[in-house]
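The analysis underlying the following values was restricted to heavy atoms, covering all of them including side chains, and did not include hydrogens, waters or symmetry mates. Note that the numbering runs from 1 along the sequence shown for the chain. On a predicted model such as this, the values are computed, not experimentally measured, just so you know.
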Amino acid sequence: MTLLTFAAEGDFEAPGPSIFNFPPLYEGAPSWLTKPAVFAVVGALLVCAFLWSAFAKPQLVPRRMQNIGEMGYEFVRDQVARPFLGKDAERWMPLLLSMFFLILLWNFFGVVPLIQMPIASHIAFPAVLAILIYVIKVYLGIKHQGAGGYFKNMMFPPGLPKPIYLLLAPIEFASNLIIAPFTHAVRLFANMFAGHLILAFFSAVGFWFLFERLTPLGAGLGVLGAIMTIAMTGFEMFIQFLQAFLFTLLAAMYIGGSLHSDH
């Protein structure tokens, strides 16, 4: 299924949630064997292959893949890891770099012909990554601060009048252990879902009025739909990059908060 196949026989129907509903790949296949699952694995394998080709045998003068890999490494290190992890940045770079490239590729799948589906527009995928960061965050907090110290620093920040803690403690608990991982996943999911829906709508308008119901007035609408599809594709690619960056940035912030409780 592509973004240009939403015209149905009869009246035009705007694309809706059905474009995110993928059945098993073939009759008799397990329910989990769907297009998003397959391309999620494909994306992970491509990232592994790219990082291996970039860093397995580094050269003094970088070429091709190594050059791209080093540019990505420096970007994640300087803009994501070091601001939140400080001296621990290099230790966590394998996780952060892999996560950034994986989410970026998953997102870019939304504008790749024939695939045309950002993997993160399915909540399960960003949820798994957010839960992973959540588990690491809690584990590191307890490891470095002790269970009592971790929850005390989280729920009872020093320097406030004691009656304030009656209100602040449950808010901090919910914010750090419930709301934070939820919003971490939903922010990525919602942006990819909405962006894909917008692209599907404009591409469907262009296809319908230019090929299915071509009229003088419809032609204008079809051309407008095609122009908006191109423009929104460029904008969506920027959002896809931005969301990969923000997800990785928040991951570094959560890990850094557990490692350095004084910050």
Notebook entry, point to check: Are any non-hydrogen side-chain atoms of Phe84 and Leu96 less than 4.5 angstrom apart?
Noted result: no

Note to self: Counting only heavy atoms from other residues, nucleotides and ligands, does the tally under 6.0 Å from CE of Met65 exceed 12?
What the structure shows: no

Next item on the list: Check Met192 against Gln240 and note the closest heavy-atom contact, atom names and distance.
Entry: SD-CG, 3.8 Å

Notebook entry, point to check: For the atom pair CZ (Phe201) and OG1 (Thr229), what is the distance rounded to the nearest 0.5 Å?
Noted result: 9.5 Å

Notebook entry, point to check: Are Leu167 and Leu177 linked, directly or through other ILVMFWY residues, by side chains that come within less than 4.5 angstrom of each other?
Noted result: no

Margin query: I need the Trp92 CH2 to Leu85 CG distance, nearest 0.5 Å.
Written below: 8.5 Å

Check: Which value, rounded to the nearest 0.5 Å, describes the distance between Phe245 atom CZ and Ile239 atom CD1?
Finding: 13.0 Å

Margin query: Using side-chain heavy atoms (C-beta onward) and a distance below 4.5 Å, is Phe55 in contact with Phe50?
Written below: no

Checklist line | Minimum side-chain heavy-atom gap Thr233-Phe202 below 4.5 Å | finding: no

Item checked: Gln59 backbone acceptor or donor facing Gln66 side chain under 3.5 Å -> yes

Note to self: For the aromatic rings, using the six-membered ring if either is Trp, is the centroid distance between Tyr134 and His184 under 6.0 Å?
What the structure shows: no

Notebook entry, point to check: Got a second to check how far Trp106's CH2 is from Leu129's CG, nearest 0.5 Å?
Noted result: 5.0 Å

Check: For the atom pair CZ (Phe109) and CD1 (Ile119), what is the distance rounded to the nearest 0.5 Å?
Finding: 6.0 Å

Next item on the list: Indicate yes or no: at least one non-hydrogen side-chain atom of Met232 is less than 4.5 angstrom from one of Glu236.
Entry: no

Next item on the list: Show your reasoning for whether side chain to side chain contact (heavy atoms under 4.5 Å, CB included) applies to Met99 and Ile133.
Entry: CA-CA 11 Å; Met99 181 175 294; Ile133 298 301; 3.5 Å; yes

Next item on the list: Might you point out which heavy atoms bring Pro30 and Pro24 nearest each other, and give the distance in Å?
Entry: O-CB, 3.7 Å

Notebook entry, point to check: Where does the angle between the aromatic ring planes of His122 and Phe125 fall among parallel (under 30°), tilted (30 to 60°) and perpendicular (over 60°)?
Noted result: perpendicular

Notebook entry, point to check: Which atoms form the tightest heavy-atom contact between Phe189 and Pro126, and what is the distance?
Noted result: CB-CG, 3.9 Å

Next item on the list: With side chain to side chain contact (heavy atoms under 4.5 Å, CB included) as the test, would you mind laying out the steps for Leu188 and Asn107 before giving the verdict?
Entry: CA-CA 9 Å; Leu188 174 60; Asn107 291 350; 3.9 Å; yes

Next item on the list: Measure the spacing between CZ of Arg187 and CG of Leu250 and express it to the nearest 0.5 Å.
Entry: 5.0 Å

Check: Can you hop from Ile103 to Ile68 via hydrophobic side chains spaced under 4.5 Å?
Finding: yes

Note to self: Are Leu97 and Leu242 linked, directly or through intermediate hydrophobic residues, by side-chain heavy-atom contacts shorter than 4.5 Å (ILVMFWY only)?
What the structure shows: yes

Margin query: What I'd like to find out is whether the side chain of Val138 reaches to under 4.5 Å of the side chain of Tyr150, using heavy atoms alone.
Written below: yes

Notebook entry, point to check: Is a donor on one side and an acceptor on the other found under 3.5 Å between the side chain of Ser98 and the backbone of Leu95?
Noted result: no

Margin query: According to a hydrophobic-cluster definition based on side-chain heavy atoms being under 4.5 Å apart (Ile, Leu, Val, Met, Phe, Trp, Tyr only), do Trp32 and Phe39 belong together?
Written below: yes

Item checked: Verify same cluster id: Tyr139, Leu259 (apolar side-chain graph, 4.5 Å) -> yes

Show me the side-chain donor-acceptor pairs of residues 72-83 shorter than 3.5 Å, one per line, residues at least two apart or across chains.
from: Tyr73; atom 1: OH; to: Glu90; atom 2: OE1; distance (Å): 2.4
from: Asp78; atom 1: OD1; to: Arg82; atom 2: NH1; distance (Å): 3.4

Check: Is there a side-chain contact between Leu199 and Val111 (heavy atoms, below 4.5 Å)?
Finding: yes

Notebook entry, point to check: Taking the side chain as C-beta and beyond, is there a heavy-atom pair between Tyr254 and Asn176 under 4.5 Å?
Noted result: no

Checklist line | Under 3.5 Å: donor-acceptor pair, side chain of Lys35, backbone of Ile115 | finding: yes

Next item on the list: Please assess Val47 against Leu104 for the test side chain to side chain contact (heavy atoms under 4.5 Å, CB included), listing each intermediate value before the final yes or no.
Entry: CA-CA 10 Å; Val47 169; Leu104 184 62; over 6 Å; no

Notebook entry, point to check: Considering all heavy atoms of both residues, which atom of Lys137 and which atom of Ala180 are nearest to each other, and what is their separation?
Noted result: NZ-CB, 4.5 Å

Next item on the list: Measure across Ala130 and Pro181 and return the closest heavy-atom pair with its distance rounded to 0.1 Å.
Entry: CB-O, 3.7 Å

